[in-house]
Amino acid sequence: MTTSSNNTPAEAAGPATPSDFIRDIVAADLASGKHRQIVTRFPPEPNGFLHIGHAKSICLNFGLAVENGGRCNLRMDDTNPTKEEAAYVESIMRDVAWLVADWAEPNYSLKTKGALPQAQEQDGKPDYFMGPAEAVPAAELGNPRSTLVEPFYASDYFEPLYAFAVRLIEAGKAFVCDLSAEDMETYRGAPDRPGQDSPFRERSIPENLDLFARMRAGEFPNGTRTLRAKIDMASPNIWLRDPVLYRIRHAAHHHAGGDWCIYPMYDFAHCLSDYIEGITHSICTLEFEVHRPLYDWILENLDLPRPLPRQIEFAKLIPSYMIVSKRKLIQLVQDGVVDGWDDPRLPTISGLRRRGVPARALRAFAYNIGVTKYKSLTDIAVLDFAIREDLNRSAQRRLAVLRPLKVVITNLPEDHAEDLAAVNNPEDPEAGTRSIPFSRELFIEQEDFREVPPPKYFRLKPGGEVRLKYAYIIRCDEVVKDAEGNVVELRCTADLESKRGGATADRKVKGTIHWVSTRNSVPAIIRLYDRLFTIPEPDGEDGDFRRHLNPGSLEVVSGRLEPSLAGAHPTDRFQFERLGYFVLDEDSTPDHLVFNRTITLRDSWAKVAGGADGARAQLKRI
RNA sequence: UGCCGGAUGGUGUAACGGUAGCACAGCAGUCUCUGGAACUGUUUGUCUAGGUUCGAAUCCUAGUCCGGCAGCCA
């Protein structure tokens with residue numbers, strides 16, 4: 001138990017192994033001896049970036065492998081050349097590797113670069129198998145340019161798939177149909193009305209074989225013929241009404257190249273790809289539930305020599321305040337509403353990563369929301385919680401001021417300089433301390449001073465006292481304003497005995513605020529991200545989701561940071577005390593620092609404040 | 001209304017005929033050199049109606065409501 005707990009996505013967030021109906025099925029299959037090892041797969045279509053919904057699926061499939069000592073294949077479900085691009089394959093590889101890093105690498109399988117399924121024969125039955133590459137170094141898993149490995153590709157199975165189709169024709173279970181798309185729709189009938197047999201349904205086997213070969217040879221234009229399964233046009237299940245197995249598409253394929261002009265449909269390719277890879281449990285989303293009889297039909301009618309995979313459906317993630325629909329996501333990116341697929345406001349995995357969300361937090365989230373067949377809206381506060389919980393324990397604290405207001409400590413000499421010890425992480429004693437320079441002139445947060453304070457405001461106010469974190473208690477003596485009446489400087493006196501260890505160190509003052517020394521602080525651009533949408537279900541039916549964009553989803557400020565932050569590393573995450581968690585952005589350079597806000601700290605003051613202040617704070621956090 | 005699926009607090013999930021539990025959110029409090037964290041307490045729930053049973057969220061019957069399915073998309 002101790003060793004396996006290291007592999008648990010949620011670690012401290014709950015019991016070592018989650019329980020749900022899918023894990024129950026897997027456990028039962030292992031217990032009954034139906035399978036000795038379980039094999040799952042994550043099968044994205046390379047036509048867009050992975051998002052938080054895929055993260056749920058990845059965590060489920062890889063989690064099953066991790067928990068049961070099985071493996072999980074990354075497979076490109078690439079059977080439609082007109083919609084897919086190799087560029088997406090690269091982002092998918094990177095995102096998956098990032099998500100499973102330090103967790104499921106030993107169970108993550110890719111295949112040997114360029115390998116194709118092995119043709120085998122058992123009892124005169126053609127069979128094909130595609131196994132994983134052995135002992136892949138973890139670094140290769142996320143490397144799209146690896147010369148050793150690559151993802152599994154459904155398009156690598158086109159040849160076996162063709163052979164299986166021929167076999168179906170030979171068994172009299174598939175036929176070539178000349179119906180146009182429109183006619184086919186008419187013949188299909190409706191959910192409550194049976195369809196009619198295609199006039200081409202009773203073609204002879206030799207004729208079907210000949211026609212199918214000529215389809216492959218490119219003799220017919222797009223859309224003129226299809227290969228269809230011969231099942232039952234009167235079936236109450238639409239997907240059993242002689243579904244299309246192959247269509248003609250004179251188009252090159254991003255992975256298979258220009259060899260093909262007929263391409264298998266999802267229903268034909270998916271079950272057989274699962275079979276070829278030896279998948280035991282093929283987990284997909286609810287909308288494929290009605291396809292399951294077809295999934296089983298194809299496999300069962302091919303008379304295959306090895307155990308068949310089992311399809312199991314679960315409800316996909318619908319996160320509140322986010323859009324996850326591929327079409328809408330593309331629209332936001334193309335219209336420049338956001339700044340690319342990895343914009344930190346997007347629920348894409350690359351966006352979340354750039355925002356500073358740790359993979360571990362995403363896994364904990366996926367784990368916490370559970371797996372069911374009930375289609376539900378998941379409160380994104382659950383994700384927020386997972387992020388804060390992770391970062392609270394792991395992120396070092398720093399002092400940073402977002403909107404600086406100058407403070408002069410009048411009872412200190414001009415050249416006063418001292419270094420103060422600051423705790424790096426109160427949640428982690430091992431993290432140690434650092435020193436921060438303190439001087440006569442400081443910046444504090446504009447929000448931490450109110451000339452006319454609201455009730456229960458316990459930060460700085462005229463004549464009032466506040467503690468400067470790690471430093472002195474100061475009193476505000478004078479408020480300096482510019483011509484327009486804006487507060488531009490505060491003149492304060494410090495209680496010089498109030499520093500930690502001093503005579504008056506234990507004096508109680510209501511508030512403690514953060515600060516930086518004007519002289520020693522470094523400037524930085526800080527991007528304050530917030531929810532992209534203002535309503536819980538922007539992805540709902542009504543198409544006009546852009547009406548609900550949050551105009552304040554990105555605010556850029558010029559802040560000042562304590563000097564130690566100048567040496568920040570791109571993957572470091574920090575808590576800027578009292579503000580939130582921040583990560584260095586990839587746009588950052590040593591002399592032009594850029595930080596992204598991952599998430600704010602919980603802010604109970606925003607709620608207490610009420611009135612104008614509270615309303616503004618609430619709005620900012622929507 | 002053809003087929004398939006689903007319904008447990010505000011939200012999400014557990015319970016596998018035997019005390020309806022957990023998490024998030026909320027509320028109240030303790031503590032605090034982060035209005036953070038931590039800790040304590042707490043409000044709110046089995047879709048409806050019958051039935052079986054000593055006992056039903058769970059089994060049966062009948063309803064109600066919700067979701068999915070009619071691409072040569074996946």
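Here is how names work: the chains are called A, B, and so on, in the same order as the sequence lines, proteins then strands, and each is numbered from 1. Keep in mind the model is a prediction, meaning the values are calculated, not measured.
Separating the P atom of B:rA49 from that of B:rU42 is a span of 30 Å, rounded to the nearest Å. Comparing the P positions of B:rU43 and B:rU61 gives a spacing of 38 Å, expressed to the nearest Å.
Base contact: A:R459 has a heavy atom under 4.0 Å from a base atom. A:E577 comes within 4.0 angstrom of a nucleotide base, judged by non-hydrogen atoms across all strands. A:I369 comes within contact range of the sugar-phosphate backbone alone, with a heavy-atom separation under 4.0 Å but no base atom that close. Looking at heavy-atom distances under 4.0 Å, A:R292 makes no contact with the nucleic acid at all. Using a 4.0 Å heavy-atom distance criterion, A:S604 is classed as a sugar-phosphate-only contact. Looking at heavy-atom distances under 4.0 Å, A:Y470 makes contact with a base. Nucleic acid contact class of A:R193 (heavy atoms, under 4.0 Å, all strands): none. If you check every strand for non-hydrogen atoms under 4.0 Å, A:A181 touches a base.
Each of A:F314, A:Y266, A:Y295 was checked for a ring-ring contact (aromatic ring centres under 6.0 Å, His included) with A:F288, and the lone residue meeting it is A:Y266.
Note that A:R397 lies outside the cation-pi zone of A:F574, set by a 6.0 Å cut-off to the ring centre and a 45° limit from the axis. With a 6.0 Å cutoff to the six-membered ring centre and a 45° limit on the axis angle, A:R560 does not count as a cation-pi contact of A:F443. Cation-pi geometry between A:R531 and A:Y321 is satisfied (NZ or CZ under 6.0 Å from the ring centre, within 45° of the ring normal).
Between B:rG71 and A:R188, a contact under 4.0 Å exists linking OP1 or OP2 to a side-chain N or O.
Across all strands shown, B:rG35 forms no Watson-Crick or G-U wobble pair with both distances under 3.5 Å.
Taking atom CG of residue A:D390 and atom P of nucleotide B:rC24, one finds them 15 Å apart after rounding to whole Å.
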